[in-house]
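First listed ligand is number 1; within each ligand, the first listed atom is number 1.
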Amino acid sequence: MSIIKLHDLYFKPFISENEIKSIVKYLANKVKRDLPKDEVPIFVGILNGCFLFAADFIREFEGNCEVSFVKLASYQGTSSTENVKELVGINEDLTGRTVIILEDIIDTGTTLQEIYNIFRNKNVKQLKVASLFFKPDVFRKELPINYIGKSIEDKFIVGYGLDYNGLGRNYSEIYQLSTPPTMKNIVLFGPPGAGKGTQATFLKDMYNLVHISTGDVFRFNIKNETELGLLAKKYMDEGDLVPDEVTINMLKAEVEKNADANGFIFDGFPRTQSQAEALDAFLADKGEQINGMVALEVPEDLLVERLLERGKTSGRTDDTDETKIRNRFNEYNTKTAILKDYFEAQNKYYGINGVGSIEEITQRIAKVFDTL
Ligand code: AMP
């Protein structure tokens, strides 16, 4: 999950699809349990916001039921307004029926008041209200809400049917209003030996970014014989990837150490799909995002040559043995190369010709960095 932009505003992930699913299920079960055995309720959804909630709720509800909708207008922009009115009414005869209102969210209670007004004269047997979300801090009415899925703070939320000026209803998760992202975060990508580390040392100064090389952090830990180093060593020596969980936690710690950074150049991370997803979620949580993946494209034969050459002076055992180098390429091709698709799907992939002089390549990358 990444941050999203709707009109002029940014939103960050707040409630996951899974959590929503379990809340909806809980509500449907609870409503069912409270009904007399053969009671056929009529669920009335309050449009537009409730359409996904209502659809999921009634599928979780076990037993016969009827479904209807009313449409009320209440929101302009991001704050609740007082003038609520009924736009599309109920056609069913509700006399003697159990009516259960399905609301996506109740905040000030103005809409809820309107609902109680509308149903007061319909001779229903009982009227109950089930709301997916509730904002207790801003609720200003003395009206019963029989079922509450989740109480939340007074934050403006979108997604799962809820909108900001018409947009955002189609997301499966709930997002909350966030400040605009301030960082420039770039993934410097490419196979082993492509020159990521070399380029990053120039680019971090040019753009005032913090360079995080996961390989360097591992090597530092190995040198200092830390617990992390001992763990990583056996994988690195073989040219295998260090397990995701270890790498992801380490990466997060490195980012946290530089909380005031203008942004990061991630070098050697992410290297797997789950690392990429973890990075997206981690940054989104801070209201930040990856601006782009800049990939150095270099033919494999040239890379092996470069790595063997580097191995003469780098002191890296994984650079001197061609079998280990080949294994690193194998890891790259089977686990890492697919990240091109991952970032391309988000329109964030920028391929760069990685063959040429160091300066030439820096210039090519800078051209892309300037646009991100
Ligand atoms: P590098 O310096 O980027 O070539 O990385 C050297 C070695 O560190 C790799 O071959 C892996 O064993 C380990 N490593 C570095 N980054 C990662 C990562 N993101 N995920 C797993 N292993 C990594």
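Note on ring orientation: taking the six-membered ring where Trp is involved, the planes of F43 and F61 are perpendicular (angle over 60°, cut-offs 30° and 60°). Using cut-offs of 30° and 60° for the angle between ring planes, the F266 and F264 rings count as parallel.
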Pairs under 3.5 angstrom only: tabulate donor-acceptor contacts from the side chains of residues 176-183 to other protein residues two or more places apart or in another chain.
| unit_1 | atom_1 | unit_2 | atom_2 | d |
| --- | --- | --- | --- | --- |
| T182 | OG1 | E288 | OE2 | 3.1 |

Start with the C-alpha distance between Q199 and T362, add both sets of side-chain angles, then the distance that settles side-chain hydrogen bond (donor to acceptor under 3.5 Å, both in side chains), and finish with yes or no.
CA-CA 6 Å; Q199 292 299 333; T362 309; 2.6 Å; yes
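The salt bridge (charged side-chain N to carboxylate O under 4.0 Å, His left out) search around E238 returns none, not counting sequence neighbours. Residues passing the side chain to side chain donor-acceptor pair (under 3.5 Å) test with D341: none are found, sequence neighbours excluded.
Under 4.0 Å from any atom of ligand 1, one finds heavy atoms of residues T214, G215, F218, R219, M236, D240, L241, V242, T247, G268, F269, R271, Q275, R316, R328.
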